[in-house]
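Shown next, in structure tokens, is the structure this report addresses.
When a ligand or atom number is given, it counts from 1 through the structure's own listing order.
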Amino acid sequence: MAKKNQTLGEFIIENQASFKYTSGELSRLINSIRLAAKVVNHEVNKAGLVDIIGAAGETNIQGEDQQKLDVYANDKFIQTLTNRNIVCGIASEEEDDFIIVNSQDENHQNKYVVLIDPLDGSSNIDVNVSVGTIFSVYRRITPVGTPVKLEDFLQKGSEQVAAGYVVYGTSTMLVYTTGDGVNGFTLNPAIGTFYLSHPNMQFPEDGKIYSVNEGNYIHFPIGVKKYIKYCQEEEGDRPYTSRYIGSLVSDFHRNMIKGGIYMYPKSSKNSNGKLRLLYECNPMAFLAEQAKGKASDGFNRIMDVQPTELHQRIPFFCGSKNMVEKAEEFMKEYSE
Ligand code: P6P
């Protein structure tokens, strides 16, 4: 049972036995993500010092090349996962193809693959708005002892063994699940330790916040337009409040605590929406369902979708169960 103020390290050890697969590898994997999160957090927090440390793509006063933060985050997560010799493959939004990890795992004995969006919402960095890292973990399905293959990454979201995010906000939090509920850990930057601050996080069944980029309104399907107008009507506990940060992790995190729905629908501009199935929607869907919420493409459960490409996009409706189901009703009623 999660105890408030427990450290992430203590929590991992205490819950390791309850995880049906673990031989300690998954614990080591979560620990490596913990380390990378602290390293990236340090750099993200410096981003405001551009005049001192130099903007991305330039050299700073030490003559060092200043990496774009999403490239930096990508390198750090890949380096940490590789050096800890835990995974056999990595896929990332920042990498065209998946990475076969054989530097330490030359015999391909490791069992897990990780998919990451290393710095989601990175365009917000320049305006000091919170951003996040999203990760998704599967057991490989091709034979141990052989190089990892694309099919190890193209698994349904329902096959995930772990998923989570780091939100670099007013405080830095690591929120994750291994299939036994969702727990949130807040970083104490003074000592570099994550503490259990949000045990057993759950979406309220209902909410009053809807998150969508209404600038795309005229391009949305009719069902989405009708749902947005439903949210704005004066009736019962409506109108709702519109809150859209432009950072999936932050909008999801707020909605999980307060109740709400996040939508990135398809549109006449983006026929499959904008978000990526494998390293954005599936991990957030796993978290949502573990937190008693729901995640769909407007019609079907996200985690039932069979992926066909590493970077494929999918429309995304995620959050409080009753709100997602209401949006699905409009989508069904007005499906073209
Ligand atoms: P738009 C960030 O680029 C992101 O992937 C999500 O974090 C965010 O919710 C969405 O895209 C914002 O996209 O088109 O509304 O600016």
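Within the 4.0 Å heavy-atom criterion, neither part of D251 lies near ligand 1. Under 4.0 Å from ligand 1, the heavy atoms of N213 that appear belong solely to its side chain.
The distance from ligand 1 to the heavy atoms of G121 drops below 4.0 Å at these ligand atoms: 2 (C). Every atom of ligand 1 with a heavy atom of E280 under 4.0 Å away is listed here by number and element: 5 (O). Interface of Y244 with ligand 1, defined as ligand atoms under 4.0 Å from a residue heavy atom, comprises 1 (P), 9 (O), 10 (C), 12 (C), 13 (O), 15 (O). Which parts of ligand 1 touch L275 is read off a 4.0 Å heavy-atom cut-off, strictly below it: atoms 5 (O). Close approach of ligand 1 to L248 is summarised as follows: ligand atoms under 4.0 Å from at least one heavy atom of the residue are 6 (C), 7 (O), 8 (C), 9 (O).
At a threshold of 4.0 Å, the pair E159-R139 does not count as salt-bridged, since none of the basic side-chain nitrogens sits closer than that to a carboxylate oxygen. A salt bridge does not link K332 with E329: every distance from a Lys NZ or Arg NE/NH1/NH2 to an Asp or Glu carboxylate oxygen is 4.0 Å or more. Salt bridge E325/K321: present, at least one basic N to carboxylate O contact under 4.0 Å.
Nearest protein heavy-atom neighbour of atom 14 (O) of ligand 1: Y264 OH, 2.6 Å. The nearest protein atom to atom 3 (O) of ligand 1, hydrogens excluded, is given as K274 NZ, 3.2 Å; this is a heavy-atom distance. When hydrogens are left out, the protein atom nearest atom 9 (O) of ligand 1 is Y262 OH, 2.7 Å; that is the closest non-hydrogen contact.
Between Y112 and V137 the shortest side-chain heavy-atom distance falls below 4.5 Å. Counting heavy atoms from C-beta on, the side chains of L248 and M284 come closer than 4.5 Å.
More than 12 heavy atoms of other residues, nucleotides or ligands shown are found within 6.0 angstrom of CZ on R313. A 6.0 Å sphere centred on CG of D96 holds no more than 12 heavy atoms belonging to other residues, nucleotides or ligands.
The shortest heavy-atom contact between I86 and E25 is CG2-O, 3.5 Å.
Between D120, V212, V131, N124, it is D120 that holds the heavy atom closest to atom 7 (O) of ligand 1.
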